[in-house]
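Here is the structure we will look at, set down as structure tokens.
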Amino acid sequence: MLLKTVLLLALVSQVLVLENGLLRKPPMGWLAWERFRCNTDCNEDPKNCISERLFMEMADRLAQDGWRDLGYEYLNIDDCWIGGRDAKGNLVPDPKRFPNGMAFLADYAHSLGLKLGIYADMGNFTCMGYPGTTLDKVVQDAQTFAKWKVDMLKLDGCFSTPEERAEGYPKMAAALNATGRPIAFSCSWPAYEGGLPPEVNYTLLADICNLWRNYDDIEDSWSSVLSILDWFVTHQDILQPVAGPGHWNDPDMLLIGNFGLSFEQARAQMALWTVLAAPLFMSTDLRTISAQNMDILQNPLMIKINQDPLGIQGHRILKLHSVEVSTGSCFDCPSLAWEKSHIEVYVRPLASEASAIVFFSRRTDMPYPYRTSLARLNFTSSKVYEAQNVYTGDIISGLQDKTNFTLIINPSGVVMWYLYPIRKLGTPQQ
């Protein structure tokens with residue numbers, strides 16, 4: 001076993017050549033899986049089955065409804081597109097559902113200023129049972145994707161062994177680079193190894209993949225969002241340092257616009273994924289999405305924060321913080337009690353000395369008046385700040401580190417600030 005491990009590490013060391021200059025900011029786009037799954041019945045459900053028509057219609061919406069211009073540029077296919085392999089062993093799409101082939105679909109996406117992502121699996125089969133990419137097919141499949149002018153590959157890990165994954169993911173990184181086509185590489189590898197060291201070497205992973213899934217698949221429910229968030233913040237000291245330009249932790253898709261989240265929960269997922277510097281892959285029906293959900297996903301300041309050039313992943317700084325609150329309706333009343341606020345605070349450092357702050361309520365009962373100051377949030381400089389509410393646009397000026405302020409945070413909701421310095425104390429405002 002030791003000899004096998006040494007040989008695998010030696011193999012990996014020979015192919016650490018991923019640095020492809022891609023994804024210097026978290027990728028944004030649309031991904032089919034959560035909303036459309038593996039619906040292949042185009043006779044009964046022609047509008048929603050995994051097909052050329054579906055992806056062309058989503059491409060149209062990305063281009064025409066403002067998504068592309070805000071940065072949502074990837075049109076990503078997931079499982080269930082494969083029709084088999086031809087006589088030469090090349091992957092081919094299902095001929096009935098993708099009659100014009102994948103090169104046609106890539107050309108269509110490119111004609112609209114979009115990029116096409118595709119799915120494969122580092123194993124005998126994909127997760128839904130379609131032909132996988134075994135070790136002997138890695139180079140051939142990479143060449144096929146490049147021939148089709150694909151722009152991103154998501155490589156899953158179903159039906160594979162740890163040894164096959166340890167050899168296969170680095171081998172695919174090298175094979176993609178060898179094609180000469182810039183293809184971003186999304187890996188599911190760490191999720192199949194438990195997501196944590198020592199089974200996962202994140203330093204090594206950052207040299208192999210542009211982004212990676214760490215944990216469970218997201219489902220269309222608030223409990224699923226919280227489960228993923230809890231795992232990420234529990235292990236944030238491991239995960240936060242390894243994210244950055246060209247290599248990102250991926251907590252999975254945005255559920256906004258589907259059926260499982262309330263309005264407050266949808267705004268919370270968007271804010272939390274943004275402060276975590278996560279890829280923003282929508283997985284909803286862009287043909288029928290509501291104006292309310294579009295407003296969440298198309299928030300320009302939110303996107304600016306997500307795409308911040310420093311690429312620093314944020315972290316939770318306060319959990320269930322004990323705060324001094326009034327037993328009555330007035331915070332200045334002398335009768336005080338200590339209670340758990342069930343408010344969490346997340347901070348992400350941004351360029352130009354700015355920060356994103358998310359105040360997140362775990363409460364389920366009623367809106368909560370959370371009182372704090374910048375000093376309590378570890379902002380202790382001599383600067384004077386302004387804070388812009390990312391969702392409402394309201395601006396609070398003249399904030400100093402010891403200035404107390406109160407925020408009303410709805411149950412399962414957030415208040416998100418874009419905080420930036422305007423001057424130092426004693427210096428006239430410009």
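Just so we're clear, the structure is a prediction, and the values are computed from it rather than from any experiment.
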Exercise. Relative to the ring of Trp231, is the ring of Tyr215 parallel (under 30°), tilted (30 to 60°) or perpendicular (over 60°)?
Worked result: parallel

Problem set entry | Plane angle bin for Trp189 and Tyr169 - parallel if under 30°, tilted between 30 and 60°, otherwise perpendicular | parallel

Counting only N and O atoms by type, is there a donor-acceptor contact under 3.5 Å from the side chain of [X] to the main-chain atoms of [Y]?
| X | Y | answer |
| --- | --- | --- |
| Ser283 | Arg35 | yes |
| Ser160 | Glu164 | no |
| Arg348 | Ile312 | yes |
| Thr234 | Asp230 | yes |
| Asp121 | Cys158 | yes |
| Gln240 | Gln313 | yes |
| Ser224 | Ser221 | no |
| Lys154 | Asp78 | no |

Does some side-chain heavy atom of [Y] sit less than 4.5 Å from a side-chain heavy atom of [X]?
| X | Y | answer |
| --- | --- | --- |
| Lys304 | Leu301 | yes |
| Met302 | Tyr391 | yes |
| Val242 | Leu205 | no |
| Phe185 | Leu22 | no |
| Tyr119 | Leu31 | no |
| Arg97 | Thr40 | yes |
| Tyr385 | Ser355 | no |
| Ile118 | Phe145 | yes |

For this session: Determine, stepwise, if the pair Met172 / Thr133 fulfils side-chain contact (heavy atoms from CB on, under 4.5 Å).
Result: CA-CA 10 Å; Met172 178 59 81; Thr133 298; 4.1 Å; yes

Quick check: closest heavy atoms across [X] and [Y], and the distance to 0.1 Å?
| X | Y | answer |
| --- | --- | --- |
| Arg61 | Asp65 | NE-OD2, 2.6 Å |
| Arg267 | Ile296 | CG-CD1, 3.6 Å |
| Arg68 | Gly113 | CD-O, 3.7 Å |
| Asn404 | Arg371 | ND2-NH2, 3.9 Å |
| Ser381 | Asp401 | O-OD2, 3.8 Å |
| Ile409 | Tyr370 | CD1-CB, 3.9 Å |

Problem set entry | Tyr420 atom OH, neighbour heavy-atom count above 12 within 6.0 Å | yes

Within this structure, what is the [atom1]-[atom2] distance for the pair [X] and [Y], rounded to the nearest 0.5 Å?
| X | Y | atom1 | atom2 | result |
| --- | --- | --- | --- | --- |
| Met253 | Trp30 | CE | CH2 | 10.5 Å |
| Thr274 | Gln307 | OG1 | CD | 9.0 Å |
| Asn39 | Leu54 | CG | CG | 9.0 Å |
| Met270 | Leu255 | CE | CG | 12.5 Å |
| Trp67 | Ile303 | CH2 | CD1 | 8.0 Å |
| Leu176 | Arg181 | CG | CZ | 11.5 Å |

Problem set entry | Any residue meeting salt bridge (charged side-chain N to carboxylate O under 4.0 Å, His left out) with Arg287, in chain and number order, not counting sequence neighbours | Glu57, Asp285

Result block: side-chain N/O donor-acceptor pairs under 3.5 angstrom for residues 411-418, not counting sequence neighbours:
none

For this session: Only pairs at least two apart or in different chains count here, so list each side-chain hydrogen bond (donor to acceptor under 3.5 Å, both in side chains) that has a residue in residues 257-266.
Result: Asn258-Thr284, Ser262-Gln265, Glu264-Asn410

Problem set entry | Any pair counted as ring pair (Phe, Tyr, Trp, His ring centres under 6.0 Å), so long as it reaches residues 269-317, sequence neighbours left out | none

Exercise. Does the side chain to side chain donor-acceptor pair (under 3.5 Å) test come out yes or no for Asn249 and Trp212, once each step is laid out?
Worked result: CA-CA 6 Å; Asn249 294 305; Trp212 49 77; 2.7 Å; yes

For this session: Report the C-alpha separation of Arg316 and Phe232 in whole Å, then their side-chain angles, then the decisive distance to 0.1 Å, and conclude whether the side-chain contact (heavy atoms from CB on, under 4.5 Å) test is met.
Result: CA-CA 10 Å; Arg316 185 173 65 188; Phe232 266 75; over 6 Å; no

Exercise. Can you tell which of Asp79, Asp252, Ile50 makes a side chain to side chain contact (heavy atoms under 4.5 Å, CB included) with Trp33?
Worked result: Asp79

Exercise. Charged N to carboxylate O below 4.0 Å: is that the case for Asp220 and Arg37?
Worked result: no

Exercise. Would Asp60 and Tyr108 count as a side-chain contact (heavy atoms from CB on, under 4.5 Å) if you check the C-alpha gap in whole Å, the side-chain angles of each, and the deciding distance to 0.1 Å?
Worked result: CA-CA 10 Å; Asp60 291 342; Tyr108 188 79; 2.5 Å; yes

Exercise. In chain order, what residues pass the side-chain contact (heavy atoms from CB on, under 4.5 Å) check against Ser352, with sequence neighbours excluded?
Worked result: none

Problem set entry | Qualifying residues under side chain to side chain donor-acceptor pair (under 3.5 Å), relative to Glu52, sequence neighbours excluded | Asn100

Problem set entry | Worked verdict on Lys25 versus Asp308 for salt bridge (Lys or Arg N to Asp or Glu O under 4.0 Å) | CA-CA 7 Å; Lys25 298 176 182 179; Asp308 184 78; over 6 Å; no

Problem set entry | side-chain contact (heavy atoms from CB on, under 4.5 Å) between Leu226 and Trp222, intermediate numbers included | CA-CA 6 Å; Leu226 291 180; Trp222 183 234; 3.5 Å; yes

